[in-house]
Colleague: 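Below are the structure tokens for one structure; questions will follow.
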Amino acid sequence: MSQRVPGFDTLAIHSGAQPDPATGARTTPIYQTTAYVFNDTDHAASLFGLQAFGNIYTRIMNPTQAVLEERLAALEGGTAALAVASGHAAQMIVFHTLMTAGDNFIAARRLYGGSINQFGHSFKNFGWEVRWADVDDPETIASQIDDRTKALFIESFANPAGFVTDIEAMAKIAHDAGIPLIVDNTMASPYLVRPFEHGADIVVHSLTKFLGGHGNSMGGVIVDGGTFDWSASDKYPMLSTPRDEYGGVVLHETFGNFSFAIACRVLGLRDLGPAIAPMNAFLILTGIETLALRMQRHCDNALAVAKHLKDHPKVEWVEYSGLEGHHNNALQKRYSPKGAGSVFTFGVKGGYEAGVKFVEGVEIISHLANIGDTRTLVIHPASTTHRQLTDEQREKAGAGNDVVRLSIGIEDVADIIADIDQALDKTA
Amino acid sequence: MDHDHYSDDYIRSILTSVKSVAIIGASAKQVRPSYFVMKYMMDKGFTVFPINPGHAGGEILGRMTYASLAELPEPVDMVDVFRASAAVPGITDEVLAMEPLPKVVWMQLTVRDDDSAKRLEAAGIDVVMNRCPKIEYGRLSGEIGWSGVNSKTISARRPEVRAGFQSFGIRNK
Ligand SMILES: Cc1ncc(COP(=O)(O)O)c(C=O)c1O
């Protein structure tokens, strides 16, 4: 059995989770503890010195969290993973491991709005500069890379419209410049897209979305692809030079192809502190067991809704890469043949007023700021997340006055469509 | 032997049958990977003999250090090589001069020499190259998952619990 390579759905249920050695509990227990007993001082020293595998303190690791980490590493096809408190915490720790003050990184302009805020504003306080690029025009990436550029960051499916990014082309640009490609795979999940297979070096997720899948727990993860050579240049001293924090250990030399994940844990998470709660790790693990079933249903429902909206008289346009003839459809078929995800946008006729009426008119669809729930979710960015911007700024951010974003759930699709229809009826 | 891919069964059979290991290139410096591996192997119950001519006569982790394989006071089951690949042919000469021969020669991550492997195998010695016994032990016991590392194994069997807290052994299939 050991040489059979298990399929994705098997890994989603089994990876990382052996029976509990103490009790035989088959489901992973919630290890609701802050700390762990040492055998003796030598055992403690081995753990603190990174010489033994094991638990010290839940800010750094926890057995429930560890199962979640191994499972995500397996599903993405990476070497190791680190779970943290949120998707944003994952991004903060990744960049903390790669950057020092005065460094910069390139990021796709088309990103989740929260990431645009984090990169453009909060990171500035650390002295980390983001340089925005247009992923459809690779020259805007290459021309901004200099000696202090440390990474290229993209989303596999970009929030909010779900456009698929050409990951292989991005990987080539990054590798030609000797920097890693980081892919936020939140909107696709590893069921649809596995960025490491297309050249990515690091994958991050907000586990809050499709992986947890039930809208009940915040979480994030960093997955190490194990492919990047951190010692090929002097750009990544956290990995390639002796660390005073551990008496001079060189993490890349010591931990090889999973050293990035280890560095994120023993330097980033340990010192910055955004640990995931064991309870949340448990809930997300439970969600992941049904990822394949849910994700396929999300995609199938979303395609049916998108097709319906495309022919609807009260709808101006639909941006869903799964639609035949959509400008992004070829990339979607290439990178995500099982489906185009569940998050997309459409334009309601009647602009701002109609958008407000639509979100106020839905009855089983939930008006809130999230994606990737079993429930269908909706938001009108112009009146909520992007309210403070000018009309022109909204337009540029893909949040024009008529834009409505849907995250299609796994309810009966006829009920989703009926709710959309009755709410559209109220718009004019 | 396919030295690009080893089956879990092959690695498991080595790590569960070997009892004593000579580590060529063992370091007395606590931050060196060879020190990490030696300490871990000792924790797992292996009898370890550090080999390092620069440190011969001194102790590493309480174990006497020897200058070469020829000076070992007793036979060993396995020789673990923490030296660059270029040193492997010379080490192979020394191994083949041992009496009795070890059952296994293991070369650490990045260390590989296929010609030497053929010579060793011709003498009936099992060879593992470009692998770390600590990582492999951690994988096949499940311990490595505690650090979020992908063990690439799944099992519905009970882990093999060793004495004390937080110590697994290699699980029998
Ligand atoms: C694509 C994407 N990345 C990252 C995040 C941030 O994740 P979290 O809210 O878990 O911090 C989100 C959240 O909406 C997201 O949609």
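Per chain, numbering begins at 1; letters A, B, ... match sequence-line order.
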Colleague: Between B:Val31 and A:Val249, is any pair of side-chain heavy atoms under 4.5 Å apart?
Modeller: yes
Colleague: Heavy-atom distances under 4.5 Å only: say whether A:Ala17 touches chain B with side chain, backbone, both or neither.
Modeller: backbone
Colleague: Measuring heavy-atom distances to chain A, does B:Ser151 have an atom under 4.5 Å in its side chain, in its backbone, in both, or in neither?
Modeller: both
Colleague: Need one label for B:Ser141: side chain, backbone, both or neither, based on atoms under 4.5 Å from any heavy atom in chain A.
Modeller: backbone
Colleague: Under 4.5 Å heavy-atom distance to chain B, tell me which part of A:Ile262 shows up: side chain, backbone, both or neither.
Modeller: side chain
Colleague: Using every non-hydrogen atom in the two residues, find where A:Phe258 and B:Ile144 come nearest and quote the distance to one decimal.
Modeller: CZ-CD1, 4.2 Å
Colleague: Does A:Glu253 reach the side chain of B:Thr110, with side-chain heavy atoms less than 4.5 Å apart?
Modeller: no
Colleague: May I ask you to check whether B:Phe168 and A:Phe53 place their ring centres under 6.0 Å from each other?
Modeller: no
Colleague: Is it the side chain or the backbone of B:Lys134 that comes within 4.5 Å of chain A heavy atoms, both, or neither?
Modeller: both
Colleague: What's the shortest heavy-atom distance between A:Tyr36 and B:Gln166, and which atoms?
Modeller: CB-NE2, 3.5 Å
Colleague: Can you tell me which of A:Ala52, A:Ser46, A:Gly77, A:Ala22 forms the most heavy-atom pairs within a distance under 4.5 Å of chain B?
Modeller: A:Ser46
Colleague: Using non-hydrogen atoms only, which part of A:Phe255 is less than 4.5 Å away from chain B: side chain, backbone, both, or neither?
Modeller: side chain
Colleague: What is the minimum heavy-atom distance between B:Ser155 and A:Pro19, and which atoms define it?
Modeller: O-CD, 3.9 Å
Colleague: For the interface with chain A, which of B:Pro159, B:Gly142, B:Ser167, B:Cys132 has the highest count of heavy-atom pairs at distances below 4.5 Å?
Modeller: B:Pro159
Colleague: In terms of heavy-atom pairs under 4.5 Å, which option from A:Val266, A:Asn257, A:Asp42, A:Leu47 contacts chain B the most?
Modeller: A:Asp42
Colleague: Could you tell me which portion of A:Ser15 (side chain, backbone, both or neither) has an atom closer than 4.5 angstrom to a non-hydrogen atom of chain B?
Modeller: both
Colleague: Roughly how far apart are A:Thr254 OG1 and B:Leu109 CG, rounded to 0.5 Å?
Modeller: 11.0 Å
Colleague: Can you say whether A:Pro21 sits under 4.5 Å from chain B via the side chain, the backbone, both, or neither, judging by heavy atoms?
Modeller: both
Colleague: Exactly one of B:Arg157, B:Arg158, B:Arg171 should register a side chain to side chain donor-acceptor pair (under 3.5 Å) with A:Gln18. Which one does?
Modeller: B:Arg171
Colleague: Between A:Arg26 and chain B, which part of the residue has a heavy atom less than 4.5 Å away: side chain, backbone, both or neither?
Modeller: side chain
Colleague: Taking every non-hydrogen pair under 4.5 Å, which of A:Ala83, A:Gly16, A:Ala261, A:Ala73 racks up the most with chain B?
Modeller: A:Ala73
Colleague: Just by distance, do the side chain of A:Gln51 and the backbone of B:Gln30 share a donor-acceptor pair under 3.5 Å?
Modeller: yes
